[in-house]
Amino acid sequence: MNNIAPLLVIIGTSILLLSIKPTLSICQKDKRIGWRIVAAMTSLFVVSYACYAYILISQPFSKIELLIAFVFLFGSFYVHLITHLSLKSINKYQTAAVREQYYGLHDTLTGLKNRKYMIQSLKSKIQNNHPFALMLIDLDNFKPINDAFGHLSGDALLKAIASRMQANLSSNAELIRLGGDEFAVILPYRDSQDIDNGIKQLQNSIRHKFLVRGTVVHVDMSIGIACCPSHSRSITELIKCADLAMYEAKKSHYSFCHYSSSYQQSSKQHMQLIDKIRNAIDNDKFSLYYQPIFSPNHKTVYSVETLIRWKQADGSFISPSLFIPVAEKAGLISAITRQVIHKALKQLANWKTQGLSPRLQINLSAHDLRDNELADYLSAQVTLFNIDPALIILEITESAMMTDIQSSKKVMNALHQLGITLCVDNFGAGYTCLTMLSDLPVRQIKIDSSYVVKMNRINNNFEIISSVAFLAKSIDAKLVIEGIENEQQLNRLIPVENALLQGHYLCEPLCAEGIRVQLKQKQAQLIHC
């Protein structure tokens, strides 16, 4: 019994000694003064415990001192528990912080560095005067692959592409995923040959085919290149320069493009045109012209196609082929489409009061097929002007249908349920499959005008047109042959069964009054067949 109290204190001292190491580890991880005080106090407790144990050993102790020895023991357990739990918590939070920092600088899908890392790396290289090339990469036509096979397969393809690029690039190149199908490479260089080698390495990474769910697919890329310091020493400007170069590569269908100062002017003009389009929308500057589509005997108007025109102050016109793609990229096409629909249906209602009721064909863009509110807008306009939906035919290019297949199906079915006729425009210019035609409520096919234009030079074109006419008839659809420019083409195409005819030779696009006169002259009657 005489040894119990000193033994308890000695055990407590040993436990305190075991607490010093985690306390010192905490001090290394957390520099706050509080933990240093805890470490000093723990060391002081050890000395105090040792002194008290010596006192208990050297002289008899009372029951109170035995009780104090128990308190000392439990106190040492408490200190040990607190220090170990604190160290464990700090380690846990530091591990989480390291993980968070890692994912803050890395892409979760591919494991590559991300945009935040790119900015940090660019800043460091500029500050250290290290010359480098910034390459911005965009995968061409990746979205149709993603839509066709699903997002999981698309993600797997992105990982495979990233892996190949990483394997092909030199060790000093930094590969970055910016998001979606966009990547970047920061490549230190000594001369232009290093940059050329980097481009070849990227191109080699996609030279071989990829396998997606058992299907072989090809992937192309557009690369824009800007160099520091020759093009700029500003991070913002470098990214802008590389982006302009990439856009130029994509627009001109080159695999890569080095930045040129001329692209800045082009970009400035692009922004000015966007601003001009906005102003035209706000001030109702667009007008409509109409081109008749004739029945097979080309004596009767079957329908009229609505064509947008943008007249300038000097009397000239800006071509739709110039401003429509710009409006699509700027997110302004939906506003233009709504204006066209409103004006066209208003004109149709006006013709109706004059005893004329031709079918009216209106063109939609790819962006319109992602507009879930389009069907509601058309329904409201049809009600507003008291128009029979059967008189409306919406033309959709086959490439627009394939941009986002699921969304296109949803919108097209909603339009069909309103009683509106749907037409596939530019058929044969893209890659619409026959299965798509059977799945979609298409009741008109407009064959691409290039087949008519080249009909005299390419013998098979007439047979192709005849075959498409047979296909259209088999799915209970009308065929429109556009692009008829001369009498020879007209005479060759008149015998094609189930075909409607359109072209400048038959009639130029006219203003609303011109169409009214044309309809009267042709004694236009709506053909129900």
Side-chain angles (χ1 to χ4, degrees), residues 1-130 166 171-172 174-177 186 188 235:
M1 291 294 291
N2 293 336
N3 296 326
I4 292 178
L7 181 62
L8 293 176
V9 176
I10 290 171
I11 294 172
T13 305
S14 302
I15 294 171
L16 281 175
L17 285 170
L18 293 175
S19 303
I20 291 177
K21 185 177 179 180
T23 306
L24 293 176
S25 296
I26 293 173
C27 289
Q28 290 177 342
K29 296 173 181 292
D30 192 331
K31 303 300 182 183
R32 285 180 291 186
I33 190 66
W35 285 111
R36 283 168 170 72
I37 295 173
V38 170
M41 290 179 65
T42 303
S43 301
L44 185 61
F45 285 157
V46 170
V47 174
S48 301
Y49 271 49
C51 293
Y52 188 58
Y54 176 76
I55 293 171
L56 292 175
I57 292 171
S58 60
Q59 62 185 33
F61 54 87
S62 64
K63 291 183 179 179
I64 293 177
E65 288 171 322
L66 178 62
L67 180 62
I68 292 173
F70 273 108
V71 173
F72 271 42
L73 177 63
F74 286 115
S76 64
F77 271 118
Y78 176 77
V79 172
H80 184 70
L81 183 63
I82 291 297
T83 54
H84 272 77
L85 288 177
S86 297
L87 179 60
K88 190 175 181 181
S89 296
I90 290 172
N91 285 336
K92 180 181 177 182
Y93 290 131
Q94 284 192 336
T95 301
V98 169
R99 188 184 297 112
E100 185 178 350
Q101 184 180 20
Y102 176 85
Y103 286 119
L105 297 174
H106 290 75
D107 173 55
T108 54
L109 176 66
T110 62
L112 298 176
K113 307 291 195 307
N114 62 13
R115 184 183 295 271
K116 184 177 179 181
Y117 174 89
M118 181 182 77
I119 299 300
Q120 291 181 2
S121 181
L122 292 176
K123 185 177 180 180
S124 173
K125 285 178 170 56
I126 291 171
Q127 288 175 344
N128 294 315
N129 294 317
H130 292 159
Q166 188 79 289
S171 58
N172 64 338
E174 296 174 313
L175 179 61
I176 295 143
R177 185 184 179 218
I186 302 175
I235 293 175

For Ser25 and Lys21, test the side chains for any donor-to-acceptor distance below 3.5 angstrom and give the result as yes or no. no
Rounded to the nearest 0.5 Å, the CG atom of Leu122 sits from the CD atom of Gln127 at a distance of 11.0 Å
Distance col, row Ile10:CD1 vs Ser76:OG, nearest 0.5 angstrom, shows 12.5 Å
Practice item. Would you check if Leu7 and Ile4 make a side-chain contact, meaning some heavy-atom pair closer than 4.5 Å? Key: no
Note: Ser19 and Thr42 closest approach over all heavy atoms is CB-CG2, 4.4 Å
* Is it true that a side-chain atom of Asn128 and a backbone atom of His130 form a donor plus acceptor pair closer than 3.5 Å? -> no
d(Ser124 OG, Ile119 CD1) to nearest 0.5 Å is 13.0 Å
Closest non-hydrogen contact found for Met118 with Ile186 is CG-CD1, 3.9 Å
d(Asn91 CG, Ser86 OG) to nearest 0.5 Å is 11.0 Å
Between Arg115 and Ile176, the two heavy atoms sitting closest are N-CG2, 4.1 Å
Check: Is Val79 close to Met41 at the side-chain level, that is, under 4.5 Å between some pair of heavy atoms?
Finding: no
So NZ of Lys88 and CD1 of Ile26: to nearest 0.5 Å the spacing works out to 13.5 Å
Result for side-chain contact (heavy atoms from CB on, under 4.5 Å) between Tyr49 and one of Leu73, Leu16, Leu44 points to Leu16
- Any side-chain heavy-atom pair of Ser14 and Leu18 under 4.5 Å: no
Discussion item. Quick check: do Phe72 and Leu8 have side-chain heavy atoms less than 4.5 Å from each other?
Written reply: no
Looking only at heavy atoms, the pair that brings Asp30 and Arg36 closest together is O-NH1, 3.8 Å
Scanning both residues in full, the closest heavy-atom pair of Glu174 with Ser121 reads OE1-OG, 2.7 Å
*Heavy atoms, side chains only, cut-off 4.5 Å: are Gln120 and Leu105 in contact?*
yes
Are Cys51 and Val47 close enough, and set up right, to give a side-chain contact (heavy atoms from CB on, under 4.5 Å), and what steps lead you there?
CA-CA 6 Å; Cys51 293; Val47 174; 4.2 Å; yes
Would you say that Leu87 contacts Thr83 through its side chain, given a criterion of any heavy-atom pair below 4.5 Å between the two side chains?
no
